[in-house]
Structures are given as C-alpha cells and as structure tokens.
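In what follows, a single structure is set out as structure tokens and then discussed.
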Amino acid sequence: MENPILFYEPEAPYGYLSNFARFPINDGAVTWKTVEHFYQAQKFNNPNIVAQIHHARTPADAYALGKQYDEQVRTDWHQRKEAVMRDALQMKFTQNHAIGHWLVATRPHTLTEHSFKDDYWGDGGDGHGKNRLGHLLMNLRQELSITPPYNLIHFIESANLPTDWGIFNMHGFEDPDTGVEHVALTFGHWKEEESVLIRLHSECLTGDALFSKRCDCGSQLRRAFQNIAQAGTGAILYLRQEGRGIGLLNKIRAYHLQDQGADTVEANEALGFAADLRQYDFCRGILHYLNINKVKLMTNNPRKVKALREVGINVVERVAIQEGQNVFNERYLSVKATKLGHMLDVISPV
Ligand SMILES: Nc1nc(O)c(N)c(N[C@@H]2O[C@H](COP(=O)(O)O)[C@@H](O)[C@H]2O)n1
Ligand SMILES: [Zn+2]
C-alpha cells in the first residue's frame, strides 16, 4: 500500500477516522455520541457504569470512565474487544453516509492511528504498535468499496461555490466504471427523513454556458438555482451526460442534421444512436453521499422520475420546470413532448 495516512486528533486532517470524532452510532437500541462512548460501555456488565459512560459529555470523559472502572471490566473482554470495535466502525461508517464514502476514497493508502499512548489500536507513536484500528478500518474500507452504493460512484473532494443565488457546496465525484466526472451542488442542510428539492441536470454546454436558445437547459438550470435558494435547501446533480449521452461533438452533428430538417430524435438515430442514452444508477451513490432518500424532483422528463424510483429513491413529488421556451426551441420542445414523453405545455404543435 502507498504512503500511510496518519490520523489521531479528531480536529486534524482525516480526524473523522478517530473514535473520538463526533459521529453518532445507533446499536438498534441506543444512540451513542461517538464510537468511543459505545466501545467503553461494552467493557462492562454493570448497568450503572454503562449509563454513566452513555451520558459522558465527551469521548475523553467516556475513555476516563472506562479506565476508572478498570477492575470491573468483563472477564472475556480481551476476546471480545476486536469484534466490538469492528461492529462500532461498521455502524459509524454506514450510518454516517459521507464518511463511508470518504473512507473508501482513502484507498490505496495505509491507515495508521498515530498514537503514542496506544500500541494495540495505534502504532505506539514510533511504528512498533499493532495499529489494529487502522487494520479494521482498512478491512471495512475494502468491504464497502465493493458494496452498493459505495461502489457506484467515488467521492473525490468538496469546495465552496459562490453563485448569484448564494453560496453552494460543490462535491466532485467520479464514475468508477467510466471515469466520467459528475458534480453535486448542495445548499442548506437536511435530515435523512426529509424530502429534499433536487434537480437532475444533464450537462448541456450550449444551453448552460453558451446562452443557446436552441434548448431550455440554461433557463432550467437558472430556475433550479432560484428554486433551491428560495426553498433554503436543495441539491443540483450536474450530470456529465452531454447530448442525452452522445457527447458534445455528436450533439453538434445532430444539430447539423436538425439544421437540415431532422428533429432531435431523428438526428440521434441518423447518427446511429438511440434517442436517449443516459443512465442514472450512479445517482443512487451521489444521493446516498448527500444523505438524501426522499426527493421533490424538478423535471419535465418522466424518465428521470422513473430512473430514480428504480434505484430506490422515493420521488415524493415532480416539480415542473418549464422555462425558456422561445421561437428557436419550440419545435425541439414539441418533439420532446411528443416523442420523449416530456410533460410540457407546449406553445405550438410540431
Ligand atoms: N442529442 C441531443 N440532441 C439535441 O437536439 C439536444 N438538444 C440535446 N440536448 C441534451 O439533452 C439533455 C437535456 O435534456 P433533458 O431535458 O434533461 O431531457 C442534455 O444532455 C443536453 O445536452 N441532445
Ligand atoms: Zn440543452
């Protein structure tokens, strides 16, 4: 494995790997503030000690209580502790979605708890320790990396994105099968059980960036930003599916055929493509990362509603997003309505 990632302090880079990091876990009966709270409590059969640790204000307090009652640790603890730690990490990295994807993204680096105080779970500060926590994390990482939804998309990095509608967070992803890069823009915060306003926006360079009037994409993208800013929360999944999946240059070839009279479906087919090549299954990975399970989907395209439902996303509502109709795209929109099933109040028939 390549150069090691050293972690220890929760506030330091890669601090989310620490058992002291503030990520709650639920064991099916109780929610624990951190892995450390859960782990220390499992040492004891005495319910009063367990309760004290459960209510400890910080992971350091939980650790101190575990030490304070050292003589009352269950006799089989040495045989049990690895399984307890493995269960705790499984809960932490699967119940807190983003860090599960962050963990997978640490491949292929070795993970080492760089602790001068602990040469069992850590490296003992100088590498003589067993680093058992690092090894359990790498084992879990390997498991998650081949398990949906973690294997559907790879999280790369996030950054702020100031826009005309407010400061969004930008999250970059890569499709592990195709290498295609996708972006999610998020605004505000939500709980997993809330329904979130989202837009699945397929990349359209001409509409989104070159102010084209041949389509409605740019207007729809602006409206999506506006709607989310007004709602206070939401996400735009900006999917690199240019040309309904045929790519920019083939879309220009398709436009050329349309300039000679073909419609948008006939042009795709004349080039040897189906009318729409787009796939959406990787969106399940992006939405899982964003902790989004229920959506109000801004689209006129029923295929996107169907596609999300097929991958288990609960589309509770379709929000129409009819924008930017004009004399240059009226035929295109009419064909999208008649041939591609778009739900549009088309201004004039084909
Ligand atoms: N292949 C193709 N032919 C055209 O004539 C087009 N205008 C496009 N545009 C692409 O369609 C997608 C947006 O459509 P939805 O509203 O999301 O169904 C996007 O990929 C554009 O690049 N493509
Ligand atoms: Zn477009």
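Note that the structure is a prediction, hence the values are computed from the model and not measured. We use all heavy atoms of the structure for the numbers below, so side chains are in, but hydrogens, waters and symmetry mates are not. For ligands, and for the atoms within them, numbers begin at 1 and follow the listed sequence.
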Minimum heavy-atom separation for [X] to [Y], with atom names?
{"X": "Lys92", "Y": "Tyr16", "answer": "NZ-O, 2.7 Å"}
{"X": "Asp27", "Y": "Met91", "answer": "CA-SD, 3.6 Å"}
{"X": "Ala235", "Y": "Thr186", "answer": "CB-CG2, 4.1 Å"}
{"X": "Leu144", "Y": "Tyr150", "answer": "O-CB, 3.2 Å"}

* Any N/O pair Gly243/ligand 1 closer than 3.5 Å -> yes
* Any His342 heavy atom less than 4.0 Å to ligand 1 -> yes
* **Test item, Tyr255 contacting ligand 1 (heavy atom, 4.0 angstrom)** => yes
Using only atom types and a distance under 3.5 Å, with no angle test, would you say the side chain of [X] pairs donor to acceptor with the backbone of [Y]?
{"X": "Gln95", "Y": "Asn26", "answer": "yes"}
{"X": "Gln42", "Y": "Phe38", "answer": "yes"}
{"X": "His171", "Y": "His182", "answer": "no"}

If the cut-off is 4.0 Å to any non-hydrogen atom of [X], which atoms of ligand 1 fall inside it?
{"X": "Tyr332", "value": "5 (O), 6 (C), 7 (N), 9 (N), 11 (O)"}
{"X": "Ser202", "value": "17 (O), 19 (C), 20 (O)"}
{"X": "Lys304", "value": "15 (P), 17 (O)"}
{"X": "Asn301", "value": "18 (O)"}

* Polar side chain donor-acceptor pair, Asp61 to Thr58, under 3.5 angstrom -> yes
* **Tyr39 and His37: CA distance, side-chain angles, deciding distance, ring pair (Phe, Tyr, Trp, His ring centres under 6.0 Å) verdict** => CA-CA 6 Å; Tyr39 176 81; His37 284 78; over 10 Å; no
* To do: Applying side chain to side chain contact (heavy atoms under 4.5 Å, CB included) between Ile198 and each of Val315, Ile286, Ile313, Leu287, report the one that passes.
  => Leu287
Could you check [atom] against the protein and tell me its nearest heavy-atom contact, residue, atom and distance included?
{"atom": "atom 8 (C) of ligand 1", "result": "Lys251 CD, 3.6 Å"}
{"atom": "atom 14 (O) of ligand 1", "result": "Lys336 NZ, 3.6 Å"}
{"atom": "atom 11 (O) of ligand 1", "result": "Arg244 CG, 3.2 Å"}
{"atom": "atom 19 (C) of ligand 1", "result": "Glu203 O, 3.5 Å"}
{"atom": "atom 3 (N) of ligand 1", "result": "Thr264 OG1, 3.2 Å"}
{"atom": "atom 1 (N) of ligand 1", "result": "Asn268 OD1, 2.8 Å"}

* Closest to atom 12 (C) of ligand 1 (judged by heavy-atom distance), picking from Glu242, Gln241, Arg278 -> Arg278
Please work out whether any backbone atom (N, CA, C, O) or any side-chain heavy atom from C-beta onward of [X] is under 4.0 Å from ligand 1, and answer side chain, backbone, both or neither.
{"X": "Asn250", "value": "neither"}
{"X": "Thr299", "value": "neither"}
{"X": "Arg303", "value": "neither"}

* Pairwise ring pair (Phe, Tyr, Trp, His ring centres under 6.0 Å) hits with a residue in residues 186-223, at least two apart -> Phe168-Phe187, His201-Tyr238
* Heavy atoms from other residues, nucleotides or ligands near CD1 of Ile167 exceed 12 (cutoff 6.0 Å) -> no
* Structure fact -> Counting only protein N, O or S atoms (no waters) closer than 2.8 Å to the Zn ion (ligand 2) gives 3
* Is the NZ or CZ atom of Lys81 both under 6.0 Å from the centre of the six-membered ring of Tyr120 and within 45° of that ring's axis? -> yes
* To do: Evaluate the ring pair (Phe, Tyr, Trp, His ring centres under 6.0 Å) criterion for residues Phe173 and Tyr289: first the C-alpha distance (whole Å), next the side-chain angles of each, then the deciding distance (0.1 Å), finally the verdict.
  => CA-CA 10 Å; Phe173 300 89; Tyr289 174 83; 5.4 Å; yes
